[in-house]
Amino acid sequence: MNIDGIPTRTLRAHPEKRVIDIIDQARLPHALHWVRVATLTEAAHAIRAMQVRGAPLIGATAAYGLAIALGEDASDARLAEAIAVLGATRPTAVNLHWALARMRVVLAPLSPTLRECAAWTEADAIADEDVAQNAAIGQHGLGLLRQIARRDGRMLNIMTHCNAGWLATVDWGTALSPVYAAYDAGLPVKVWVSETRPRNQGLLTAWELAQHGVPHTLIADNAAGILLREGQVDAVIVGADRIAANGDVANKVGTYLKALACADNGIPFYVAAPRSTLDFACADGAAIPIEERDGNELRVVHGLDSRGVPSALLQLPPGQAVANPAFDVTPARLVTAIISERGVCPASRDGLLALYPEEAQ
Ligand code: MRU
């Protein structure tokens, strides 16, 4: 994706310095600030505190975090410890566990002296594959959008939830990759961006769409229903944090309500995700762990004050009971299709296995 017209990735690796640079997403959309990650503790903090977020970027950051950890000590004990520390940061996005498992398979058989170099190489491969897979998702999604555009012949109105764009991946995004592909191909496209309380990832989506020049409008989460009912949306495209073997989809809380409203109004509901988000070991959505995050994410609102200084505002009495499930599960029957790097398939075991026959037991 372009930032100031320059193709840019969200993560920069510097193996010679044993560090990576990430964008501190907690400071967006008000400031684009790069942060250096130089220790295992800093890598785990970046993921847990959501300086990096979005399933594919969490996976890539964990892979590099492991490489950084092995620069300090590449023993068997350190390898196991670092995988445990990084694996405990966030539970729902399976890309984290997928990336760590892939790193372990490569690194565990090696002698400690060879591990650090191999870890940087494998983390680079994970990052490069993420970019290529997301670009492929964009092209497959573009095919679907072209069909809708032909039917309609007017501006394509896409709705998305959370941020499943460039910022959530190493490049291009998942749900937003078809949007960028459509925009770059000259299709008239506009995006309805839902705010995504309480962490407001919709503001990140609005920010990155603006960077690339894609027309978009931000809405409160609860406005999605009326727009879908009034025919102002041609398709909803979201990302995923984990897709179970039967096609059930865990994604940012609020996704399920959009899928329900799409089903009620005959609007296609697409889920875009790469292989690293598919969990064939997870039979269905009921087996997906849902992250419960700190209640302060509801209690405290962040923004700029009247002088433009970053500020926090308590919007609830401190004793107010709150619940903060960060994800929900959309049943496969509400998903029109899954868009992966291998193509478009029904959200079902058979559909997924048709794209990934090597996963058939
Ligand atoms: O809690 P977050 O911000 O990490 O959640 C992100 C999402 O739910 C995204 O939609 C999902 O990870 C898909 S990312 C391409």
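Residues take their numbers from the sequence shown, with the count starting at 1. When a ligand or atom number is given, it counts from 1 through the structure's own listing order.
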the protein heavy atom lying closest to atom 8 (O) of ligand 1 turns out to be Asp241 OD1, 2.8 Å

Which of Asp241, Asn95, Thr174 passes side-chain hydrogen bond (donor to acceptor under 3.5 Å, both in side chains) with Thr277? It is Asn95

protein heavy-atom neighbour closest to atom 10 (O) of ligand 1 works out as Asn251 OD1, 2.9 Å

Can you check whether Gln51's main-chain N or O pairs, donor with acceptor, with Asp24's side chain at less than 3.5 Å?
no

For Pro56, take its heavy atoms, then give the atoms of ligand 1 lying under 4.0 Å from any of them.
14 (S), 15 (C)

Close-contact set for ligand 1 against Asn163 heavy atoms, below 4.0 Å:
9 (C), 10 (O)

Residue portion contacting ligand 1 (non-hydrogen atoms closer than 4.0 Å) for Lys252:
both

Just to confirm my output: which protein heavy-atom neighbour is closest to atom 3 (O) of ligand 1, and how far is it?
Arg53 NE, 2.5 Å

Just to check, does Met50 reach to within less than 4.0 Å of ligand 1 when the distance is taken from its heavy atoms?
yes

Within-shell test, Arg90 vs ligand 1, heavy atom, strictly < 4.0 Å
yes

Asn163 pairs by side-chain hydrogen bond (donor to acceptor under 3.5 Å, both in side chains) with which of Gln25, Arg53, Gln201?
Arg53

Under-4.0 Å salt bridge between Glu358 and Arg342:
yes

Atom 15 (C) of ligand 1: the protein heavy-atom neighbour that sits closest, reported with distance to 0.1 Å:
Thr174 OG1, 3.0 Å

Basic-acidic side-chain contact under 4.0 Å: Asp221, Arg197
no

Side-chain contact, heavy-atom cut-off 4.5 Å: Val253 with Phe327?
no

Among Asp73, Leu66, Leu110, the one residue meeting side-chain contact (heavy atoms from CB on, under 4.5 Å) with Arg115
Leu110

Those atoms of ligand 1 less than 4.0 Å from some heavy atom in Gln201
1 (O), 2 (P), 3 (O)

Of the listed options Cys162, Ala250, Ala240, closest to atom 13 (C) of ligand 1 (non-hydrogen atoms):
Ala240

Surrounding CZ of Arg104 (heavy atoms of other residues, nucleotides or ligands, distance under 6.0 Å), is the total greater than 12?
no

Enumerated ligand 1 atoms positioned under 4.0 Å from heavy atoms of Ala168
14 (S), 15 (C)

Polar contact flag for Gly54 and ligand 1 (N/O pairs, less than 3.5 Å):
yes

Run the numbers for me: atoms of ligand 1, each under 4.0 Å from some heavy atom of Ala55, listed by number.
12 (O), 14 (S)

Look at the rings of Trp120 and Tyr64 and say which category their plane angle falls in: under 30° parallel, 30 to 60° tilted, over 60° perpendicular.
tilted

